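Just so it is clear, the values below take in all heavy atoms, side chains as well, and ignore hydrogens, waters and symmetry mates. Quick caveat, the model's predicted, so the values are computed rather than measured.
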Amino acid sequence: MKKFVLPIILAVAGVILLLLPLFQSSGDIDVKIQPATVIMPAAYKVYANPNVAGGRFNLFKAIVKNTGSGEIRNFKVQFRVPGLIDDWADVPAATNLLPGQTAVVTCFPVFPQSITDRNTSSKEKTEIKFLYGGKANPIEHDESFTFDMTSVNDIVFTNMADQDKASFNDVVENRDLYACMVSAEDPIIKHYAETVQQRILCGEQGAGVGGSGQITDKDIAEKVRVMQGVYNATLISHMVYSETQAGESQFGDNTSSTEHIRLPREVVSGNTGLCIELAILHASVYKAAGLDPVIFLIPSHAYPGIKIGNQYVAIESTGIGGVGLGGVMNADQALQAGMTELKTFYEESAKGNPAYKILDINALYADGYQDMELKPDPILAGEADKITQTWPTCLLSAIAEAQKAAPAARATPVRRASYTPRPRTSPSAAWTSYSLSGVSVSYPGSWKVYYRPVAQFPALVMAAMSPDRTGQVEAFNIPGAYNPEQAMAYIRTSLSRLGENVTYTQAGSYNGFTRFNGITYANQVAFKWIGLFKNTSSGVEGIVVGTPGGGDSAVLNQIFSSIQ
């Protein structure tokens, strides 16, 4: 009997060793979550790709440390976002953690295409569970956090915490996400591009390269003809430049500029767009036509172009005009303006100016900044068709008519440093007035008035200047601002992109307005001003009165007193 005792003991010990992992807890974990504070639906494909921008577009990072004395086995991480990702999804992670070992687990969520249906912002919740241990005594550690989900139209320019921002590029690190809004595969834009091809370019395709594979002058001319065809499509549609919503928002410890971008389908159906929206529309149609689109970003402006080999061609898409832009360019003038801007772009880029950036759309697609997929929209498609159905069968005769009816063309896009004047005087009265929806101001009738003087800064809706340029009044409308403080922050950020430095302090209230005292430094001149801002039905509106020095204080005080 004794000869069987040892084998039995060994067998029992073996069974115990085999079953032990099923009963032991395998240690303890300490978890620190680094959550995303905001998710942009337009970039939903980017968030799913760990190879984009070094993986910084993620839903969360979890830093997990085994603080116990035993090895953690069968380790697993799962997450879900109720309403978006309802089923628990696995996050790749190491299965075992030794005592004292730390693992970093990064979640790249695969959001459904339906996320692009979101046209309002919302608060969403991420739930996470960390599972480990034996089958008989599994251990679960739960975490959760909330984040902001923007609308599909919104771009948040940085995800970086305020304390970590050290350069201009940090403040605009998400500019490449504009590429996600270039939507050549959108059914509405594909149809629009085909209609441009048939009715504007008269059925001739100009995007190809010569049979030898070499780029010839004829190839370049044909590609430029497509660019001008897209421009002419917007011109004869009477599409106009218009402003959109922009401002600053708080996402956790990140204060970021944000911009509400109308998608190309919305620009076409609404027949209006901001400079970046027009540039994205052009890029979308260029790509649908087989061109290699780019977007040039410069301080407070954007314009489209194409890449041909190692050279670029640019066109000023805002040449179609709009309220306060001072005229309309024909296609040749728009091309000339774009090439003039391109020369400046090269000069500033050579200096290393980070505000000048080329978005190479095909290169960004290759890097993972993929365009979003959009569902057919019969309503928007119908509105777009109403516009394209007004186009002639072939544009040859219509171009001449459009140019003939257009106001005098401006040579270059409007810049803050060079107002296009729209003088208005009042011969019958010494003073005249200007009103917004909830704010008004009076000023001398002899002052020159400039309406929408800066195409790249639509919040500035009017500026009036004394004949000797020693006194000035400006009217602002910031639709996306929630309060005067946010409006002023947006104005300061916008002007900084135009090369102007604004400092100000809040100085209490005055007749229902929030008062600000400030100085704007531009072109080595200090413009001292007082501003009154308040909430109205149109957002936040305000009036600024000031002087670079030498202004008639009695007149300036009278202007200030007239604000109501």
Student: Is it the case that E541 and S437 place a side-chain donor and acceptor less than 3.5 Å from each other?
Tutor: yes
Student: Is the shortest side-chain heavy-atom distance between Y47 and M40 below 4.5 Å?
Tutor: yes
Student: Is the closest side-chain heavy-atom distance between Y303 and I315 below 4.5 Å?
Tutor: no
Student: Going from CZ on R492 to CZ on F516, what distance comes out if it is rounded to the nearest 0.5 angstrom?
Tutor: 10.5 Å
Student: Tell me yes or no: between the side chains of N362 and K287, is some donor less than 3.5 Å from an acceptor?
Tutor: yes
Student: Is there a donor in the side chain of E341 and an acceptor in the side chain of Y346, or the other way round, less than 3.5 Å apart?
Tutor: no
Student: Tell me whether the rings of Y132 and F75 are parallel (<30°), tilted (30 to 60°) or perpendicular (>60°).
Tutor: tilted
Student: Using 4.0 Å as the upper bound for N to carboxylate O, is an ion pair formed by D117 and K375?
Tutor: yes
Student: Heavy-atom count around K61 NZ within 6.0 Å, excluding the residue itself: above 12?
Tutor: no
Student: Does the side chain of R118 pick up a donor-acceptor pair with the side chain of S122 at under 3.5 Å?
Tutor: yes
Student: Going by distance alone, is a donor N or O of one side chain under 3.5 Å from an acceptor N or O of the other, for Q163 and D253?
Tutor: no
Student: Hey, what's the ring geometry for Y286 with H282, parallel, tilted or perpendicular (30° and 60° as the breaks)?
Tutor: perpendicular
Student: Under 4.0 Å between a side-chain nitrogen and a carboxylate oxygen: does that hold for K32 and D30?
Tutor: yes
Student: Passes side-chain contact (heavy atoms from CB on, under 4.5 Å), F79 versus E127? Steps please.
Tutor: CA-CA 5 Å; F79 82 101; E127 299 174 354; over 6 Å; no
Student: Can you see whether Q101 engages N66 through a side-chain donor-acceptor pair at a distance of less than 3.5 angstrom?
Tutor: no
Student: Could you give the distance from CE (M181) to CG (D186), rounded to the nearest 0.5 Å?
Tutor: 13.0 Å
Student: Hydrogens and angles aside, do E266 and N153 bring a side-chain donor and acceptor to less than 3.5 Å of each other?
Tutor: yes
Student: Would you call K45 and E373 a salt bridge, taking side-chain N to carboxylate O under 4.0 Å as the test?
Tutor: yes
Student: Show your reasoning for whether side-chain contact (heavy atoms from CB on, under 4.5 Å) applies to R175 and I155.
Tutor: CA-CA 8 Å; R175 287 182 293 178; I155 290 287; over 6 Å; no
Student: We want to know whether E173 and T158 form a side-chain donor-acceptor pair, criterion being a heavy-atom distance below 3.5 angstrom.
Tutor: yes
Student: Scan side-chain atoms only and decide if E277 and H260 contain a donor-acceptor pair under the 3.5 Å cut-off.
Tutor: no
Student: Flag the pair K129 and D142 as a salt bridge only when some basic side-chain nitrogen lies within less than 4.0 angstrom of an acidic carboxylate oxygen.
Tutor: no
Student: Find the distance between CH2 (W529) and CD (E474) and round it off to the nearest 0.5 Å.
Tutor: 9.5 Å
Student: Taking side chain as C-beta onward, heavy atoms only, is F108 less than 4.5 Å from N58?
Tutor: yes
Student: Looking only at atom types and distance, does a side-chain atom of D360 sit under 3.5 Å from a main-chain N or O of A363, one as donor and one as acceptor?
Tutor: yes
Student: Can you spot which of V268, L291, V230, I280 makes a side chain to side chain contact (heavy atoms under 4.5 Å, CB included) with V285?
Tutor: V230
Student: Between S151 and D154, do the side chains contain an N or O donor and an N or O acceptor separated by less than 3.5 Å?
Tutor: yes
Student: Where do E259 and Y178 land on the side chain to side chain donor-acceptor pair (under 3.5 Å) test, with the steps shown first?
Tutor: CA-CA 11 Å; E259 193 167 24; Y178 279 132; 2.8 Å; yes
Student: May I ask you to check whether T255 and D162 show a side-chain donor-acceptor distance below 3.5 Å?
Tutor: yes
Student: Classify the side-chain pair R515/N517 by whether it contains a donor and acceptor separated by less than 3.5 Å.
Tutor: yes
